[in-house]
Amino acid sequence: MAVLHAILLQPLGLFLCLSLQLSSAIFIRFSNNCFSFNEYYAVTLSIKASSYIYESNTVYSVFVPVDDRVYAVVMKALNKKGDSVGLWRRADENCHSNSTYYMKDQYMTVFEAQWQSPESANITEVEIQAFTVTADTRALPVLSTLKLTGKVSIVPLPAKILQSSVFKPFSVIIPENIGINSLANRVFSSPITDAIDILLAFLTSKLLF
């Protein structure tokens, strides 16, 4: 009886182990009912993101304005070559080039979708596209886009003081009716380095003689 009990439990244990392993994995079910848009309206400054700086393996929240007429939002993330990249989380329909979210709350005004960037050092810029689709089949979908770009590296300027020779000479126009000696005229009408040389020469001549 114990042997029979063990024989019956072995397949059950194998089935439970396999079920646990499958449940821990992430599956993306690609649908055949994918949206494809040949015509659409394009708008600007409509969607927002939690950050506009692109980083690999990072989750971004994308906010799309919707109203009671919108019944689906189709999301895309494209690299510079136009290839679909990353993963849209908890989408209702997944296709090879986009993911679809169906609106379940007619009073929603802003829809939030989460996108995870891929672990790739070769991607430095991604364009996020959001298509809002209404129930009216005659109405064209509305496209909104934004770009995630890599961090801009700022190169600090050298701390070395620029040589005075790079500065252009400057001069001061002195009216003739002002009584001023020729030394001052020479100083003010000369470049900085020449003016210093003139003053030093004048002081040296006074000290020596």
Side-chain angles (χ1 to χ4, degrees), residues 14-153:
L14 181 61
F15 175 76
L16 291 175
C17 181
L18 182 61
S19 298
L20 289 174
Q21 290 180 355
L22 292 176
S23 62
S24 62
I26 299 176
F27 289 96
I28 301 177
R29 180 176 58 85
F30 292 101
S31 173
N32 294 325
N33 301 321
C34 298
F35 283 95
S36 179
F37 306 110
N38 296 323
E39 295 181 310
Y40 49 80
Y41 288 117
V43 297
T44 57
L45 301 177
S46 180
I47 61 177
K48 308 294 181 183
S50 55
S51 174
Y52 295 91
I53 298 176
Y54 178 80
E55 295 182 86
S56 62
N57 196 25
T58 303
V59 177
Y60 295 85
S61 293
V62 182
F63 304 95
V64 183
V66 295
D67 54 31
D68 56 354
R69 297 172 299 172
V70 176
Y71 88 97
V73 176
V74 181
M75 305 297 301
K76 286 186 176 184
L78 307 175
N79 61 12
K80 289 183 177 181
K81 297 180 180 179
D83 300 326
S84 179
V85 294
L87 172 67
W88 291 99
R89 293 186 166 187
R90 296 188 295 273
D92 296 313
E93 298 280 352
N94 289 291
C95 296
H96 292 283
S97 61
N98 58 53
S99 296
T100 302
Y101 297 87
Y102 295 105
M103 301 298 98
K104 302 173 179 63
D105 184 0
Q106 62 177 343
Y107 300 106
M108 183 183 298
T109 56
V110 177
F111 170 71
E112 177 184 353
Q114 290 188 333
W115 176 74
Q116 182 173 348
S117 59
E119 295 187 30
S120 175
N122 297 326
I123 300 176
T124 58
E125 182 178 295
V126 171
E127 181 177 276
I128 303 295
Q129 297 181 350
F131 295 86
T132 53
V133 183
T134 63
D136 186 359
T137 57
R138 296 170 298 177
L140 293 177
V142 178
L143 168 65
S144 303
T145 63
L146 62 84
K147 284 189 177 181
L148 307 178
T149 57
K151 294 181 179 179
V152 179
S153 58

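All of these numbers come straight from a predicted model, not from anything done at the bench.
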Could you tell me which non-hydrogen atom of I47 sits nearest to which non-hydrogen atom of P65, and how far apart they are?
CG2-CD, 4.2 Å

When rounded to the nearest 0.5 angstrom, what is the spacing between CG in N94 and CG in L87?
7.0 Å

Point-to-point distance, once rounded to the nearest 0.5 Å, from CG of L143 to OG of S46:
9.5 Å

How far does CH2 of W88 sit from CD1 of I128, to the nearest 0.5 angstrom?
4.5 Å

Applying ring pair (Phe, Tyr, Trp, His ring centres under 6.0 Å), name anything that partners Y60, two or more places apart in sequence or on another chain.
W115

Note, P141 side chain near T132 side chain (heavy atom, < 4.5 Å):
no

Using a 3.5 Å cut-off and no angle test, enumerate the donor-acceptor pairs between side-chain atoms of residues 71-85 and protein atoms at least two apart in sequence or in another chain.
residue : atom : partner : partner atom : Å
N79     : OD1  : K81     : N            : 3.1
N79     : OD1  : G82     : N            : 3.0
N79     : OD1  : D83     : N            : 2.8

Checking S117 side chain against E55 main chain: does a donor-acceptor pair fall under 3.5 Å?
yes

Can E127 and T145 be counted as having a side-chain donor-acceptor contact under 3.5 angstrom?
no

Reported CZ-to-CG distance for the pair F111 and D105, which is rounded to 0.5 angstrom:
11.5 Å

Under 4.5 Å between any side-chain heavy atoms of K147 and Y54, yes or no?
no

Quick check on Y52: does its OH atom have over 12 non-hydrogen neighbours (other residues, nucleotides or ligands) under 6.0 Å away?
yes

How far does CG of D92 sit from OG of S99, to the nearest 0.5 angstrom?
10.0 Å

CD on E112 to OH on Y101, rounded to 0.5 Å
10.0 Å

Does any non-hydrogen side-chain atom of N57 lie less than 4.5 Å from one of Q116?
yes

